[in-house]
Amino acid sequence: MAHILVTGAAGFVGAAVVGALAARGDRVTAFDIAVSPGLRKVAGQYENVRLVIGEITECPTVMALFHEDPPDCVFHAAAIVGVIASVRAPIRTFEVNVQGSINLLEAMRLFGTRRMVHMSSEETYGPFKSAMIDEDHPQNPLHPYGVSKLAVEHLGRGYKERHGLEVIHLRAIWVYGPDLPRVRVPNSFIDAALAGRPFHQPFGADFICDHTYVDDVVDAAVLAIDKAAHPYDAYNVGSGQGVSLLQIADMVGEMVPGAQLSVGNAPYRHGDESFSVDCVRKGALDISRAREVLGYKPKFDIRRGLAAFLP
Ligand SMILES: NC(=O)c1ccc[n+]([C@@H]2O[C@H](COP(=O)([O-])OP(=O)(O)OC[C@H]3O[C@@H](n4cnc5c(N)ncnc54)[C@H](O)[C@@H]3O)[C@@H](O)[C@H]2O)c1
């Protein structure tokens with residue numbers, strides 16, 4: 001039984017990872033700035049989950065957490081998430097995503113925690129140069145979100161070099177599933193279809209991206225936490241397949257009789273008509289490395305993932 005500190009534990013991914021670790025008997029310290037209904041439910045189910053409310057940007061708070069009960073491993077998911085949030089609040093994005101990560105790395109160094117598994121992002125790549133990319137693709141992010149995640153990747157390498165820490169980055173792409181806490185496809189299609197509400201996605205009919213069902217991300221997280229020795233420090237985590245928004249809308253239309261969904265042809269933008277930001281070219285992630293090294297086997301292609309939402 002290991003002791004795992006999960007940051008961002010109240011979040012969409014964090015709460016699911018807390019649940020998976022607690023279910024198999026790990027002792028979990030679930031750290032977040034607030035408690036969500038999802039985390040409260042998991043904490044109610046398992047005695048081996050301890051909730052700690054705190055602000056990751058406050059160094060003394062993070063130090064106290066490690067001083068009291070140093071974890072064997074950190075699963076780090078706390079962040080300001082997404083391009084839109086980061087463009088709206090670039091300073092806060094860097095405070096939480098970068099300064100918060102440094103606080104953790106410093107605490108790990110001082111209190112002897114060797115491994116962090118960090119939720120990085122495909123946004124660190126910037127524009128995809130081809131329809132499918134692997135981990136060696138250049139990393140040229142354009143927006144504060146991707147830049148902040150790439151900064152953490154580089155910081156992790158420095159801590160490895162100087163202090164022997166092992167900081168592993170999961171470059172996940174467009175994670176979805178029930179209760180995604182932001183407005184985005186495919187949730188916006190499913191929500192509208194189930195509510196019987198017509199929905200027009202104004203841009204992105206031909207926009208191709210990989211979409212990762214949340215359970216698959218949880219599997220990748222647990223595999224990365226457990227791997228005895230990592231030959232790489234970064235892994236793509238996706239379904240391994242690109243699909244256009246029009247194809248997704250059509251699939252939802254087949255699955256929910258009477259769904260009224262349409263997608264406009266303009267280039268895809270993050271956000272909605274009230275505030276949006278250009279999206280770079282995306283595509284599919286080549287997940288061969290995660291498959292071969294971690295034993296990652298995504299269970300959900302987009303059709304299975306969409307079906308998993310439906311009542
Ligand atoms: N959801 C995706 O599509 C996706 C894709 C790639 C990578 N990621 C990464 O995965 C991680 C989890 O994403 P998510 O979708 O669960 O997002 P989320 O917003 O649901 O979770 C982030 C959590 O971080 C917490 N947090 C934010 N600021 C904090 C602070 N100052 N102190 C303590 N906690 C704070 C939030 O309260 C929230 O619970 C993030 O690091 C994100 O960048 C997500």
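Atoms within a ligand are numbered from 1 in the order they appear, just like the ligands themselves.
- The distance from ligand 1 to the heavy atoms of Met119 drops below 4.0 Å at these ligand atoms: 9 (C), 10 (O), 11 (C), 41 (O).
- Residue Phe12 has at least one nitrogen or oxygen atom sitting less than 3.5 Å from a nitrogen or oxygen atom of ligand 1, judged on distance alone.
- At the top of the distance list for atom 28 (N) of ligand 1, counting protein heavy atoms only, stands Val96 CG1, 3.6 Å.
- When side chains are defined from C-beta on, Val74 counts as touching Phe66, because their heavy atoms get closer than 4.5 Å.
- When every heavy atom of Tyr213 is checked against every heavy atom of Val175, the shortest pair comes out as C-CG1, 4.5 Å.
- The closest approach between any non-hydrogen atom of Arg182 and ligand 1 is below 4.0 Å.
- Note on ligand 1: Ala15 sits outside its first shell, no heavy atom being nearer than 4.0 Å.
- Atoms of ligand 1 lying under 4.0 Å from at least one heavy atom of Glu55, given by number and element, are 30 (C), 31 (N), 32 (N).
- Between Asp215 and Lys299 no salt bridge is recorded (no basic side-chain N to carboxylate O distance below 4.0 Å).
- Ranking protein heavy atoms by distance to atom 38 (C) of ligand 1, first place goes to Asp32 OD2, 3.5 Å.
- Lys149 counts as a contact of ligand 1, since one of its heavy atoms falls under 4.0 Å from the ligand.
- Remark: ligand 1 and Val13 share an N or O pair separated by less than 3.5 Å (distance only, no angle test).
- Relative ring orientation between His270 and Trp174 is described as tilted, the plane-to-plane angle lying within the 30° to 60° band.
- Under the 4.0 angstrom criterion for non-hydrogen atoms, Arg184 is in contact with ligand 1.
- Each of Leu105, Ile168, Leu165 was scored for a side chain to side chain contact (heavy atoms under 4.5 Å, CB included) with Met116, with one residue passing: Leu105.
- Residues Gln139 and Thr124 have side chains that bring a donor and an acceptor to within less than 3.5 angstrom of each other.
- Residue Gln99 places every heavy atom at 4.0 Å or more from ligand 1.
- Side-chain atoms of Asp26 do not come within 3.5 Å of backbone N or O of Val28 as any donor-acceptor pair.
- The shortest contact between atom 32 (N) of ligand 1 and any protein heavy atom is with Ile56 N, 3.0 Å.
- A donor-acceptor contact under 3.5 angstrom links the side chains of Arg171 and Tyr125, judged on distance only.
- The protein heavy-atom contact nearest to atom 13 (O) of ligand 1 is Val81 CG2, 3.8 Å.
- There is no side-chain donor-acceptor pair under 3.5 Å between Ser244 and Asp206.
- Distances below 4.0 Å separate heavy atoms of Ala172 from the following atoms of ligand 1: 5 (C), 6 (C).
- At a cut-off of 3.5 Å, with distance as the only test, a side-chain donor of His118 or His169 sits close to an acceptor on the other residue.
- Between Glu55 and Val62, the closest heavy-atom pair is O-CG2, 4.4 Å.
- Between the side chains of His76 and Ser101, at least one donor N or O lies within less than 3.5 Å of an accepting N or O.
- Residue-level proximity to ligand 1 for Ser120 is carried by the backbone, the only part with a heavy atom below 4.0 angstrom.
- Residue contacts with ligand 1, taken as heavy atom pairs separated by less than 4.0 Å, do not involve Tyr176 at all.
- Counting atoms of ligand 1 from 1 in the listed order, those under 4.0 Å from a heavy atom of Gly54 are 32 (N), 33 (C).
- The residues Arg115 and Glu166 are annotated as salt-bridged, a charged nitrogen and a carboxylate oxygen being separated by less than 4.0 angstrom.
- Electrostatic pairing of Arg27 and Glu47 does not count as a salt bridge here, judged by no charged N lying under 4.0 Å from a carboxylate O.
- Of all protein heavy atoms, the one lying nearest to atom 12 (C) of ligand 1 is Ala77 O, 3.5 Å.
- Set against the non-hydrogen atoms of Arg92, the atoms of ligand 1 under 4.0 Å away are 31 (N).
- In terms of N/O distances under 3.5 Å, ligand 1 is not approached by Ala78.
- By the 4.0 Å heavy-atom criterion, Pro181 is counted among the residues contacting ligand 1.
- The atoms of ligand 1 that sit less than 4.0 Å from any heavy atom of Tyr145 are 7 (C), 8 (N), 9 (C), 42 (C), 43 (O).
- Among protein heavy atoms, the minimum distance from atom 5 (C) of ligand 1 is reached at Val175 CG2, 3.7 Å.
- Put simply, no part of Ser36 is less than 4.0 Å from ligand 1, judged by heavy atoms.
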